Amino acid sequence: MKTKSLALLGATGSIGTQALEVVRQQPGRFRVAVLTAQRNAALLLAQAREFRPAAVVIGEESQYQFLKEALANQPETQVLAGAAALAEVVTRPDVDVVLTALVGYAGLLPTVAAIRAGKDIALANKETLVVAGELITGLVRQHGGRLLPVDSEHSAIFQCLVGEEANPIEKIILTASGGPFRGRDRAALATVTKAQALKHPNWDMGAKITIDSASLMNKGLEVIEAKWLFNLTNEQIEVVVHPQSIVHSLVQFQDGSLKAQLGLPDMKLPIQYALGFPERLGNDFPRFSFLAYPTLTFEAPDTATFRNLPLAFAAMRRGGNAPCILNAANEVAVAAFLREQVSFLGMADVVESCLDRVSYLAEPQLADYAATDAETRRVAAELL
Ligand code: NDP
């Protein structure tokens, strides 16, 4: 494999730092061309000193001077700041693959810029496909890059589909851990705290996706992500709860045969698969043993308690800008929950009210998504 040159957007986060671990373990396979962060200038600086990229971008412009001075003795690394710089660095000729490991709607514009420049996208930022799946997949077809899923469930499906290009999919089954509150009813969830919600049983992730996992919004976002990644109808996507997070997802083909991908819950595996695709790279990550997991269980999701999942299915069926409304309302609700301004169950109320109140558009264009996102944030803030 030729050395691939990477732009890591969100390098200081959970996915970003694990991607850099993958890079460390594969000497000569990858070169880090770009690293970005929003506000964690100290970690971005340490990463820049270790990987010596051609550019670093810090989102918060107030941190620019600190970084610029700290990297004054490293002239090969250009220091930039702000959202426009983020959308520019991903288009550079020395970038082969852009890993979108930043959180939320902020991923949309840099991803669009990278796709327009023909780059391969290792897509962690699922919110981009939720907000604008039709637009993004259309641009990918037009510009010739590839969307390589990083989300473990979508990576599983992607891996199951290798060699099956001519075979129609009957359905896909996305597995969900069920999160820390699996089995609890609404009365028990009425008083759960931020600290409880931040304790995921199987995965160590950033705060926003950890709350999304606890509320099952994460699975709802993944349902919409899967629709666009694998060109599925709404009826072809099912969710099953699998608390051990070993079976990462399944594809059922038209002969009824099911293929699944299994492994320990470790995001480095799907990150490495996306970055190394189509090669499988050797590593010394811990191996799965059936004897350590003698029981794998499966159950239906409790959609009466965890209302975000049916809300996401409904937004997907409605189409247009409804998933964009769902996403923005959820981003505001999760941020408010993390500030202890809304209850755990109240988050779904905010999402549902926004879906009712924000203006619906059947065929949104790029500028409409920005307007929908802004309007939804305004409405959600009023509701809080
Ligand atoms: P983290 O919160 O751990 O990291 C987010 C990264 O993005 C940080 O580098 C952060 O910078 C940067 N960032 C935050 N806000 C902005 C912004 N507005 N503009 C530009 N950069 C920003 O998140 P995760 O790594 O957990 O998740 C990243 C994405 O990957 C999400 O979309 C998530 O849904 C998805 N994902 C994550 C998984 C996981 O295991 N963590 C699994 C599957 C998908 P700073 O550190 O400076 O704040």
Side-chain angles (χ1 to χ4, degrees), residues 7-22 34-48 56-64 66-67 80-87 89-90 98-111 113 121-131 148-156 174-177 179 198 200 202-215 217-222 224-226 229 245 248-249 264-271 273-274 327-328 330-331 334-335 338 373 377:
L8 303 184
L9 310 188
T12 50
S14 161
I15 293 289
T17 52
Q18 292 181 84
L20 288 171
E21 273 184 54
V22 168
V34 174
L35 292 168
T36 84
Q38 181 63 9
R39 60 190 71 82
N40 191 346
L43 181 54
L44 185 61
L45 172 62
Q47 294 174 342
V56 292
V57 182
I58 184 83
E60 280 202 7
E61 311 212 0
S62 60
Q63 306 272 14
Y64 170 78
F66 160 77
L67 260 187
L80 301 161
L86 199 59
V89 287
V90 295
V98 177
L99 173 71
T100 62
L102 64 186
V103 190
Y105 179 86
L108 179 63
L109 290 183
T111 307
I121 309 295
L123 186 107
N125 179 254
K126 63 192 85 184
E127 294 91 339
T128 288
L129 273 191
V130 171
V131 167
L148 305 164
V150 168
D151 228 339
S152 58
E153 295 80 356
H154 305 74
S155 175
L174 290 176
T175 54
S177 72
L198 282 170
H200 195 278
N202 303 338
W203 300 96
D204 183 12
M205 309 179 285
K208 194 246 174 193
I209 184 174
T210 306
I211 302 303
D212 284 348
S213 297
S215 71
M217 179 55 94
N218 183 50
K219 209 49 53 182
L221 300 179
E222 287 180 10
I224 303 172
E225 180 187 10
L229 273 174
S245 298
H248 293 308
S249 280
L264 290 171
D266 179 352
M267 282 308 296
K268 290 199 295 304
L269 265 177
I271 292 169
Y273 190 75
N327 177 70
N330 181 58
E331 285 191 30
V334 171
L338 289 170
D373 183 76
R377 283 169 198 271

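Just follow the structure's listing: the first ligand is 1, and inside any ligand the first atom is 1. Here the structure is a predicted model, which means the values were calculated and not measured.
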Q: Dump the intermediate steps for side chain to side chain contact (heavy atoms under 4.5 Å, CB included) on Leu123 and Val150, then the final yes or no.
A: CA-CA 5 Å; Leu123 186 107; Val150 168; 5.7 Å; no
Q.
Please evaluate residues Lys268 and Tyr273 with respect to the criterion side chain to side chain contact (heavy atoms under 4.5 Å, CB included), reporting the C-alpha separation (whole Å), side-chain torsions for both, the decisive distance (0.1 Å), and the verdict.
A. CA-CA 8 Å; Lys268 290 199 295 304; Tyr273 190 75; over 6 Å; no
Q: Step by step, work out the side chain to side chain contact (heavy atoms under 4.5 Å, CB included) result for Val90 and Leu9.
A: CA-CA 9 Å; Val90 295; Leu9 310 188; 3.8 Å; yes
**Q.** Glu153 vs Glu225, side chain to side chain contact (heavy atoms under 4.5 Å, CB included): CA-CA, chis, key distance, verdict
**A.** CA-CA 10 Å; Glu153 295 80 356; Glu225 180 187 10; over 6 Å; no
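Residue contact check: Leu102 has heavy atoms under 4.0 Å from atoms 7 (O), 20 (C), 21 (N), 22 (C), 28 (C), 29 (C), 31 (C), 32 (O) of ligand 1. Those atoms of ligand 1 that come under 4.0 Å of a heavy atom in Lys126, given as number and element, are 32 (O), 34 (O), 44 (C). Here is the list of ligand 1 atoms found below 4.0 Å of a heavy atom in Ala106: 17 (C), 18 (N), 19 (N). Of all the atoms in ligand 1, the ones that sit under 4.0 Å from a non-hydrogen atom of Ala124 are 30 (O), 32 (O), 35 (C), 36 (N), 44 (C). Taking a cut-off of under 4.0 Å to the non-hydrogen atoms of Ala101, the atoms of ligand 1 that pass are 5 (C), 6 (C), 7 (O), 28 (C). For ligand 1, the atoms sitting less than 4.0 Å from at least one non-hydrogen atom of Ile15 are 25 (O), 30 (O), 37 (C), 38 (C), 39 (C), 40 (O), 41 (N), 42 (C), numbered in the order shown with element in parentheses. Atoms of ligand 1 lying under 4.0 Å from at least one heavy atom of Ala37, given by number and element, are 11 (O), 47 (O).
Residue Gly13 has at least one N or O atom closer than 3.5 Å to an N or O atom of ligand 1. Of the polar atoms of Asn40, at least one N or O is found under 3.5 Å from an N or O of ligand 1, judged by distance alone. The shortest N or O to N or O distance between Ser14 and ligand 1 is below 3.5 Å. In terms of N/O distances under 3.5 Å, ligand 1 is not approached by Gly16. Distances between N or O atoms of Thr36 and those of ligand 1 include no value under 3.5 Å. Ligand 1 has a nitrogen or oxygen under 3.5 angstrom from a nitrogen or oxygen of Arg39. Ligand 1 has no N or O atom lying under 3.5 Å from any N or O atom of Met267, backbone or side chain. Checked against a 3.5 angstrom limit, the closest N/O atoms of Gly206 and ligand 1 fall inside it.
There is no side-chain donor-acceptor pair under 3.5 Å between Thr12 and Asn40. Side-chain atoms of Ser177 and His200 form a donor-acceptor pair, as typed in the model, at a separation below 3.5 Å.
The single protein non-hydrogen atom nearest to atom 36 (N) of ligand 1 is Ile209 CD1, 3.6 Å, given as residue, atom name and distance. Ranking the protein heavy atoms by distance from atom 23 (O) of ligand 1 puts Val103 CG2, 3.5 Å first. What sits closest to atom 13 (N) of ligand 1 on the protein, heavy atoms only, is Gln38 CB, 3.5 Å. Protein heavy atom in closest approach to atom 43 (C) of ligand 1: Asp151 OD1, 3.0 Å.
Taking all atoms of both residues into account, the shortest heavy-atom contact from Pro270 to Asp266 is CD-O, 3.3 Å. In terms of heavy-atom proximity, Ala48 sits nearest to Leu35 at N-CD1, 4.0 Å. The two residues Leu67 and Ala41 come nearest to each other via the heavy atoms CD2-O, 3.9 Å. Closest heavy-atom contact between Ile15 and Ile271: O-CD1, 3.8 Å.
Heavy atoms of Glu127 found under 4.0 angstrom from ligand 1 belong exclusively to the side chain. Contacts with ligand 1 closer than 4.0 Å are made by heavy atoms of both the backbone and the side chain of Thr12.
Using a 4.0 angstrom heavy-atom cutoff, Gly59 does not count as in contact with ligand 1. For Ala11, the closest heavy-atom approach to ligand 1 falls below 4.0 Å.
Classification of Glu127 and Lys208 as a salt-bridged pair holds, one side-chain N sitting under 4.0 Å from a carboxylate O.
Each of Asn218, Asp212, Thr100 was scored for a side chain to side chain donor-acceptor pair (under 3.5 Å) with Lys126, with one residue passing: Asn218. If you run side chain to side chain contact (heavy atoms under 4.5 Å, CB included) between Asn327 and each of Ile224, Val131, Thr128, Leu108, only Val131 comes through.
Proximity of a side-chain donor or acceptor of Thr36 to a complementary backbone N or O of Gly10 within less than 3.5 Å is detected.
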